[in-house]
Amino acid sequence: MWVYEETLLSGEKLTDVINRTNENVKYLPGIKLGKNVVADPDLESAVKDSNMLVFVTPHQFMEGICKRLVGKIREDAEAISLVKGMEVKMEGPCMISSLISQQLGINCSVLMGANIANEIAVEKFSEATVGYRLNREVAERWVQLFYTHYFIVTAVQDVEGVELCGTLKNVVAIAAGFVDGLEMGNNTKAAIMRLGLREMKAFSKLLFPSVKDSTFFESCGVADLITTCLGGRNRKVAEAYARNGGKRSFDELEAEMLQGQKLQGVSTASEVYEVLSHRGWLELFPLFSTVHEISTGLLPPSAIVEYSEKLPRSF
């Protein structure tokens, strides 16, 4: 396991502590990782000779990581991405699985789903979805590797659909957090989640017409949306943002509340907004647009329910 090296308050290096205690004391305290997990601060050394690579980092670091891996991995390696987010380029949005495939020249599947990490760590039952491109055998191998009696994994042939569900639900979770922070209640939150799911589906299909309707009913779709809007760090920090009336920035709240972990929803909302602006789609996606405008201070948190007045008639 490649671990970005940090020096803890005790003065010890994070990788040394993980290897001594078998525990990630900073990001997943109290959970034993398994004796087979070795933390390595050297990226090249960690991937050397590996034929299956699992990518799990905040999406804003992925491009830099891929650049460092060019020429360092086996040509027959298979990748799977658990990363939520997208890179927005001049030529349009690039999903993280595509970034990995393009930069490293290897096939990349995805794994997403209603599976908040600290609950899986204590072996509470949950599900996940593997999205694969062409090779069903590779997908089945990933399913076999991840599957346990408490972690049920299914495979669907829809990389973009699975990945966009995992990415876009964080934007909706920010909206759900605003609703919680303003104490608007469960009816409002349910409405936001429904509208959010509708925009997730419409955005995904506009970008990738191959996306399947059925994917939104897998764990990566409606189930992940529900769990992220009920729990999860995006909802939590957005609630604090709304309670503070938008007077404290997301960066400030993230640093204070997440102990070094990164929010994905705010940066994804910004990337989605960029795509919508560029393509003239802002009016088609009032919830996505409003989340970004609230997150950047252009609108107050209370605008999350006012946006519905802007709904186009076609909706």
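Note that the numbering runs from 1 along the sequence shown for the chain. The analysis underlying the following values was restricted to heavy atoms, covering all of them including side chains, and did not include hydrogens, waters or symmetry mates.
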- Query: Under the 3.5 angstrom rule, does the side chain of Asn19 hit a backbone N or O of Ala39 as a donor-acceptor pair?
  - Reply: yes
- Query: So, for Phe288 and Tyr273, is the gap between ring centers shorter than 6.0 Å?
  - Reply: no
- Task: Measure across Asn24 and Leu14 and return the closest heavy-atom pair with its distance rounded to 0.1 Å.
- Result: OD1-CD1, 3.8 Å
- Item | Criterion side chain to side chain contact (heavy atoms under 4.5 Å, CB included) on Arg133 and Glu160, from CA distance to verdict | CA-CA 9 Å; Arg133 207 167 287 289; Glu160 284 81 13; 3.0 Å; yes
- Using a 4.5 Å cut-off on heavy atoms from C-beta on, say whether the side chain of Leu8 contacts that of Lys26. yes
- Task: Please determine if Glu44 and Lys48 form a salt bridge, counting it only when a charged side-chain N lies under 4.0 Å from a carboxylate O.
- Result: no
- Query: Parallel, tilted or perpendicular: which describes the rings of Phe285 and Phe203, with under 30° parallel and over 60° perpendicular?
  - Reply: perpendicular
- Smallest separation among heavy atoms of Pro301 and Gly246, with atom names: CG-N, 4.0 Å
- Could you tell me whether Glu137 and Arg141 have a side-chain N and a carboxylate O separated by less than 4.0 Å? no
- Please say whether more than 12 non-hydrogen atoms of neighbouring residues, nucleotides or ligands are located less than 6.0 Å from NZ in Lys201. no
- Main-chain N/O of Thr15 paired to Glu5 side chain as donor or acceptor, under 3.5 Å: yes
- Query: Is the closest basic N to carboxylate O distance between Glu12 and Arg20 below 4.0 Å?
  - Reply: yes
- Testing Asp224, Thr268, Asn234, Thr228 for side chain to side chain donor-acceptor pair (under 3.5 Å) with Asn170, which one passes? Asn234
- Which pair of non-hydrogen atoms, one from Glu23 and one from Gly30, has the smallest distance, and what is that distance? OE2-N, 2.7 Å
- May I ask you to decide whether Lys236 forms a salt bridge with Glu254, counting only side-chain N to carboxylate O separations under 4.0 Å? no
- Message: Using the side chain to side chain donor-acceptor pair (under 3.5 Å) definition, which of the options Glu87, Lys84, Gln264 pairs with His59?
- Response: Gln264
- Query: Can you check whether Lys212's main-chain N or O pairs, donor with acceptor, with Asp158's side chain at less than 3.5 Å?
  - Reply: yes
- Salt bridge Arg74-Asp49, side-chain N to carboxylate O under 4.0 Å: no
- Side chains of Pro300 and Phe178: closer than 4.5 Å at any heavy-atom pair? no
- Which pair of non-hydrogen atoms, one from Cys66 and one from Gln103, has the smallest distance, and what is that distance? CB-OE1, 3.3 Å
- Item | Val130 and Thr154: CA distance, side-chain angles, deciding distance, side chain to side chain contact (heavy atoms under 4.5 Å, CB included) verdict | CA-CA 6 Å; Val130 165; Thr154 51; over 6 Å; no
- Nearest 0.5 Å, what's the CD1-CZ distance between Ile120 and Phe151? 4.5 Å
- Message: Within the 3.5 Å criterion, strictly below it, is a donor on Asp40 or Ser45 matched to an acceptor on the partner's side chain?
- Response: yes
- Item | Minimum side-chain heavy-atom gap Met193-Ile226 below 4.5 Å | yes
- What do the steps show when you test Tyr27 against Glu6 for side chain to side chain donor-acceptor pair (under 3.5 Å), and what is the final call? CA-CA 12 Å; Tyr27 296 109; Glu6 298 178 50; 2.7 Å; yes
- Which ILVMFWY residues can you reach from Ile116 by hopping between side chains whose heavy atoms are under 4.5 Å apart? none
- Query: Under 3.5 Å, side chain of Thr167 to main-chain N/O of Gly85, donor-acceptor pair present?
  - Reply: yes
- Query: If you round to the nearest 0.5 Å, how far is CG of Leu298 from OG1 of Thr296?
  - Reply: 4.0 Å
- Is it true that Met112 and Met200 fall in one hydrophobic cluster, defined by side-chain heavy atoms closer than 4.5 Å? no
- Would you call Asn107 and Tyr132 a side-chain contact if the rule is heavy atoms closer than 4.5 Å? no
- Taking Ser97 for its side chain and Val110 for its backbone only, find out whether a donor-acceptor pair lies under 3.5 Å. no
- Query: Any donor and acceptor pair, going by atom type alone, linking the side chain of Ser289 with main-chain N or O of Leu282 inside 3.5 Å?
  - Reply: yes
- Item | Shortest non-hydrogen contact between Ala269 and Val171, atoms and distance | N-CG2, 3.8 Å
- Any side-chain heavy-atom pair of Pro93 and Arg279 under 4.5 Å: yes
- Message: For Lys124, is there an ion pair with Glu119 - N to carboxylate O distance below 4.0 angstrom?
- Response: no
- Atom CD1 of Ile192 and atom SG of Cys229: how far apart are they, to the nearest 0.5 Å? 9.5 Å
- Step by step, would you call Arg248 with Glu256 a salt bridge (charged side-chain N to carboxylate O under 4.0 Å, His left out)? CA-CA 11 Å; Arg248 297 182 66 197; Glu256 180 184 300; 2.4 Å; yes
- Short side-chain to backbone donor-acceptor contact, Asn115 and Ser126, under 3.5 Å: no
- Message: Checking the side chain of Lys169 only, and the main-chain atoms of Ala223 only, is there a donor and an acceptor separated by less than 3.5 Å?
- Response: no
- Check: Trp142 main-chain N/O paired with Tyr147 side-chain donor or acceptor under 3.5 Å: no
- For Thr215 and Val162, indicate whether the former's side chain and the latter's backbone hold a donor-acceptor pair under 3.5 Å. no
- Message: Any heavy-atom pair between the side chains of Thr129 and Val153 that's under 4.5 Å?
- Response: no
- Query: Are any of the side-chain nitrogens in Glu183 or Arg243 under 4.0 Å away from the carboxylate oxygens of its partner?
  - Reply: yes
- Task: Please go through Ile106's hydrophobic cluster and name the other residues, only I, L, V, M, F, W, Y counting, with side-chain heavy atoms under 4.5 Å joining them.
- Result: Trp2, Tyr4, Leu43, Val47, Leu53, Phe55, Phe61, Met62, Ile65, Leu69, Val70, Ile73, Val83, Ile96, Leu99, Ile100, Leu104
- Task: Before giving the answer on side chain to side chain contact (heavy atoms under 4.5 Å, CB included), spell out for Ile174 and Val172 the whole-Å C-alpha distance, their side-chain angles and the decisive distance to 0.1 Å.
- Result: CA-CA 5 Å; Ile174 297 284; Val172 186; over 6 Å; no
- Please assess Leu168 against Ser204 for the test side chain to side chain contact (heavy atoms under 4.5 Å, CB included), listing each intermediate value before the final yes or no. CA-CA 9 Å; Leu168 297 170; Ser204 300; 3.7 Å; yes
